[in-house]
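Predicted, not measured: the structure shown is a model, and the values here were computed from it. In what follows, chains are A, B, ... by sequence order, proteins preceding strands, each numbered from 1.
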Amino acid sequence: METDKRELHERIACHPLVTPFRRKVYEALLEVPRGKVTTYGVLARHIGCGSAQAVGGALRANPFAPDVPCHRVVAADLSSGGFCGCRTGTEIARKIALLSAEGVPLDVEGRLSDASRVWKFGANA
DNA sequence: TACAAGCAATAGT
DNA sequence: ACTATTGCTTGTA
């Protein structure tokens, strides 16, 4: 039994710091199934934005973590990217652990071992 | 309201 | 490896 997604969506909509753009980012992120990841670029493109940095900026201030699985977002290079505003450190180790617990194989460097684990919106598995 | 700087990135040189 | 580009957020004037 999982959390009511609708409630989470309403929670997002009610948040004062959440702009329409951020909301798109979070909702798109919720479309990524467990055991899969996505990249900043793909996610940005999916929400109609050409800047992955904008996505990064939105996730950096993600007030819904880990309800919004920001840890399922990696860089196009398959590197871990960042987590909770940190690009390296204990937080990243936490991100790796979370992904590993979801069935996503990560290298000891925090890199994705299998590129096919990347979720492309519309390209089903 | 207007302007400038920065960001968990990516692509191209 | 480095620079340029990208769209959005935040802070300051």
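- Closest to the side chain of A:Arg22, from the set C:dT5, C:dT10, C:dC8, is C:dT10.
- Across all strands shown, A:Gly82 has heavy atoms under 4.0 Å from base atoms, whether or not it also approaches the sugar-phosphate.
- Looking at A:Arg22, its side chain never comes within 3.5 Å of a backbone N or O of A:Asn62 through a donor-acceptor pair.
- Across all strands, A:Gly85 comes closer than 4.0 Å to base atoms (heavy-atom distances).
- Separating the CD atom of A:Gln53 from the C1' atom of B:dA11 is a distance of 11 Å, rounded to the nearest angstrom.
- Every residue meeting the side chain to side chain contact (heavy atoms under 4.5 Å, CB included) condition with A:Cys49, not counting sequence neighbours, appears here in chain and number order: A:Phe21, A:Ala44, A:Ile47, A:Ser51, A:Ala54.
- Between A:Glu91 and A:Lys95, no side-chain nitrogen of the basic residue sits less than 4.0 Å from a carboxylate oxygen of the acidic one, so the salt-bridge criterion is not met.
- For the pair A:Asp114 (side chain) and A:Ser116 (backbone), a donor-acceptor distance under 3.5 Å is present.
- In this structure, A:Arg117 contributes its side chain and A:Pro105 its backbone to no donor-acceptor pair below 3.5 Å.
- Position along DNA chain C of the nearest nucleotide to A:Gly50 versus A:Ala61 favours A:Gly50 as the more 5'-ward residue.
- The separation between A:Leu17 atom CG and C:dT10 atom P is 7 Å, rounded to whole Å.
- Atom CD1 of A:Ile47 is separated from atom P of C:dT9 by 10 Å (rounded to the nearest Å).
- Here the P atom of nucleotide C:dC8 and the CG atom of A:Leu43 are 13 Å apart, to the nearest Å.
- For C:dG7, the OP1/OP2 oxygens have no side-chain nitrogen or oxygen of A:Arg45 closer than 4.0 Å.
- Consecutive Watson-Crick or G-U pairing (both distances under 3.5 Å) extending over three or more pairs maps onto DNA chain B as B:1-7 with C:7-13, B:9-13 with C:1-5.
- Ranking B:dA9, C:dT9, C:dG7 by closeness to the A:Ser51 side chain, first place goes to C:dG7.
- Interatomic distance, CZ of A:Arg72 versus CD of A:Glu31, reported as 12.5 Å (0.5 Å rounding).
- Computed from coordinates, the A:Phe21 CZ to C:dT10 P distance equals 11 Å when rounded to whole Å.
- Using a 4.0 Å heavy-atom distance criterion, A:Cys86 is classed as making no nucleic acid contact.
- Each of A:Ala52 and A:Ala58 was matched to the nucleotide of DNA chain C holding its nearest heavy atom; the match closer to the 5' end belongs to A:Ala52.
- Put simply, the side chain of A:Tyr26 gets close to the backbone of A:Ala58: a donor and an acceptor are under 3.5 Å apart.
- To the nearest angstrom, P of C:dA1 lies 11 Å from CG of A:Asp77.
- In this structure, the OH atom of A:Tyr26 is 14 Å from the P atom of C:dC8, given to the nearest Å.
- Heavy-atom distances to DNA chain B give each of A:Ala54 and A:Ala76 a nearest nucleotide, and the one nearer the 5′ end belongs to A:Ala54.
- A:Leu59 places its CG atom 13 Å from the C1' atom of C:dT9, with the value rounded to the nearest Å.
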